[in-house]
Structure formats: structure tokens, C-alpha cells
Amino acid sequence: MISPSADVYLNLAAEERLFKDPDGEPTLYLWQNHDAIVIGKWQNAWKECDVAAAERDGIKIARRLTGGGAVFHDLGNLNYTFIANEREYDAERQTEVIRKALAALGVNAVASGRNDLTVNGLKVSGNAFRHGGGKRLRHGTLLISADLSKMEKYLRPSPLKLSAKGVDSVRSRVGALRDLAGDISVSEVAASIAESFTAEFGAAEFVKFAPEEYLTCARLFSSEEFLFGKNPPYALHVEFLSSLGLTDIGFEVAKGTIISVNIHSDTLDEEFPIKAENALTGIPFNADSILYALNVSDDPVIREFGKRLSEALREQIFGAKK
């Protein structure tokens, strides 16, 4: 199947449908995304990328259902997915499909690590894996003409002080095929992979991309609960100024909910920190919920504090909503 969509959530939903399909025959799925950050199943979004910068610039953030590290996708990047039942699944043959497809275009790629591919020592393809229900999935990326400056800009943690549990990305030296092997297009690579797949596994039936069948799953992938609610527990500190002076707030967050708050401030109001901590504990960790929780107070000082805290969080973490 080849996706005509460049929406990361719809493409991940289509992949999920293919994985859940009872047909266990070897399947190849090719897809591309508009600018997007895709984090691994066990990763913490705040720790892997600059969420605020991404949201301000209209960069989508998605969580996939495989492990591994964070990657940046754009239209210079081609994604491929292999799916098969346990009996038919063969990672070495899949790697050969990609390697031979590149060789047909004059690119000498070498298998490295756990089925990654390198050209001249630079990583051009990385992979992640999944199994369940008697089936296996392996998907990967091919950097063709990707904007590496965007990768460097967005694949970094929030500038706020953050400590978190979870899987960290392993940064590798990456390269784009067009820089390493001359003029080469995404469409050429996709066509070569499709041809190499049929040469390796035999004649294949083309599967129609049916977006209307993926919409419910796509909404799940795009939901804040799925993206941020699945973050491993983490602690985050933010500093800002208000009429109460310089304040440092530590949030402990689990499954998208604030489970504890620790406020340090040079305020002379002894009751303020306790009032604010009580108001913030147990609510969703997002700027609107935090603003509302403090804005309902009868104390104008706390309301002003809530406004400044919400502004600081939008500026430094959540980004400005478009």
C-alpha cells in the first residue's frame, strides 16, 4: 500500500489497520508525512523535543506504537513498513529489499546495528519493531532530502529544567541520500523499493488506501491524552516573575495529571504557596486547566499569579495555540 496522504496521524492509523488485518501475508506500506516529530512508544515528549517551538511552528507531534527514539519527518523523508505473520516475517530479507532498492539507484548502503542502513558511515535508515497477535511489524525511515536543520531545531528537550523516566533517543550521525549519492528523488526511491519487494517476495496485490476507515484511529493518535498522557512520570520546574516575586514551581506529572506541586517563592505571603499547590494538584497538566484552577480563586493575587504561570507555560512549554 502507498499512502497518498501526508498526515502523520492518518498514516499511523493506516499502518495500525494493516497490522491488525488478519491477512498475514508479507506486506509493504510506503508513506510520507508533512513536518512532524514522531516519538517512540515509551518516550517522554517533553524530554525528546522542544514542544513549544514545534507547536508555534505548526509541527505536529505524534507517538507511534513501536519503541526506539524520536525522529523528524518531512516530505524529503520516505517511511516504509513491513508487516507479516510470525512464520513469514524475515528481517534480513526486509533489509535486503531496501538495500537492493538503493543499490539499483547507485547507492551502496551497508546494514549496521539492528537492521539500520548506513552510507559512507552516515545513518540513512533507522528502524523500530513491534509484535503481537501472531504478527510482526518493522518500520523505518529513509532520509532522502530531509531538512537536517529542522531535525536539530526540534529534536531537543524543552529548555525548562526537566527530569524524567523513560527511553531516551540515541543520537546518531545521519545523512541524506541526495547529499551522499547525487540527485535522487523520493518517488524514485519508492518505486525502486516496490520493485525490490516484488522481486524478493513475489507478485503483490495493491491495497487501496481508505482514509475514511482510519479516521477513528487517527483521532486517537492525535489526541493530547495519547501523546502526553502516555508520558512516563516526570518532574518539571518552571521559573517566572509575578507580583509575588520570582517563583520556581516543580510539577510532578503522571499520565497527563499533576500529582504533586512544590512552590518556591520569595513572597511574604505565607499562605499563598499552600493555596496554589492545593488548587493545582490533581488537575490535567495543560495551560488552560492551570489558568482555570487559579482563576476561580477569590484572591486577586492568586488570579494574577495564575495568569502569569499560564503565560509562562504557553511560552516555554505548550506553545501558542493557533
Side-chain angles (χ1 to χ4, degrees), residues 37 39 43-63 70 153-166 168 222-322:
I37 299 163
I39 64 174
Q43 290 194 300
N44 188 300
W46 304 115
K47 195 172 183 182
E48 291 304 320
C49 60
D50 190 334
V51 175
E55 292 194 348
R56 281 196 299 269
D57 295 346
I59 307 298
K60 291 183 177 179
I61 303 174
R63 181 186 298 277
K153 178 179 180 181
Y154 299 113
L155 291 187
R156 60 184 180 87
S158 164
L160 296 177
K161 294 175 287 184
L162 173 67
S163 60
K165 297 178 181 179
D168 291 343
S222 65
S223 69
E224 289 197 6
E225 169 61 24
F226 183 78
L227 179 58
F228 297 107
K230 289 184 176 292
N231 279 337
Y234 61 96
L236 180 145
H237 290 263
V238 57
E239 291 183 346
F240 64 98
L241 284 169
S242 72
S243 61
L244 291 166
L246 180 64
T247 301
D248 179 296
I249 300 185
F251 295 96
E252 186 174 354
V253 182
K255 296 184 177 180
T257 299
I258 300 171
I259 59 176
S260 68
V261 182
N262 190 10
I263 297 178
H264 297 279
S265 174
D266 52 14
T267 180
L268 297 176
D269 185 342
E270 296 181 0
E271 295 184 358
F272 158 72
I274 296 175
K275 289 180 181 178
E277 288 174 7
N278 289 338
L280 294 171
T281 301
I283 68 173
F285 183 60
N286 61 63
D288 289 337
S289 295
I290 289 170
L291 177 61
Y292 178 79
L294 297 175
N295 200 44
V296 296
S297 172
D298 294 331
D299 188 336
V301 175
I302 289 184
R303 293 200 299 270
E304 189 270 340
F305 175 84
K307 180 180 179 182
R308 285 293 302 117
L309 171 57
S310 178
E311 290 173 352
L313 289 170
R314 289 185 190 279
E315 177 183 346
Q316 301 173 48
I317 304 181
F318 301 114
K321 298 294 183 183
K322 296 182 179 291

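The structure presented is a predicted model; accordingly, all values stated were derived computationally and were not measured.
Under 4.0 Å is where a charged nitrogen must lie from a carboxylate oxygen, and between E311 and R308 at least one such pair does.
Rounded to the nearest 0.5 Å, atoms CD1 (I259) and CZ (F251) are 12.5 Å apart. Distance check: D57 CG to D50 CG gives 9.0 Å after rounding to the nearest 0.5 Å. Separating the CG atom in D288 from the CZ atom in R314 is a distance of 4.5 Å, to the nearest 0.5 Å. The distance from atom CZ of F240 to atom CG of L309, rounded to the nearest 0.5 Å, is 4.5 Å. Distance check: L294 CG to R303 CZ gives 11.0 Å after rounding to the nearest 0.5 Å.
Closest heavy-atom contact between I263 and P273: CD1-O, 3.8 Å. Across all their heavy atoms, A287 and S310 have their closest contact at O-OG, 3.5 Å. Of all heavy-atom pairs between A62 and L227, the closest is C-CD1, 4.0 Å. Taking every heavy atom of both residues into account, P300 and D298 meet most closely at CD-O, 3.3 Å. Nearest heavy atom pair, residue I258 against residue P284, reads CD1-O, 4.3 Å.
Residues F305 and V301 fail the side-chain proximity criterion, which asks for heavy atoms closer than 4.5 Å. You'll find the side chain of I37 stays beyond 4.5 Å of the side chain of V51, heavy atoms only. Using a 4.5 Å cut-off on side-chain heavy atoms (C-beta onward), L313 and L291 make no contact.
Every pair passing side-chain hydrogen bond (donor to acceptor under 3.5 Å, both in side chains) that includes a residue from residues 272-287 is listed here, sequence neighbours excluded: N286-S289.
For the pair Q43 (side chain) and A70 (backbone), a donor-acceptor distance under 3.5 Å is present.
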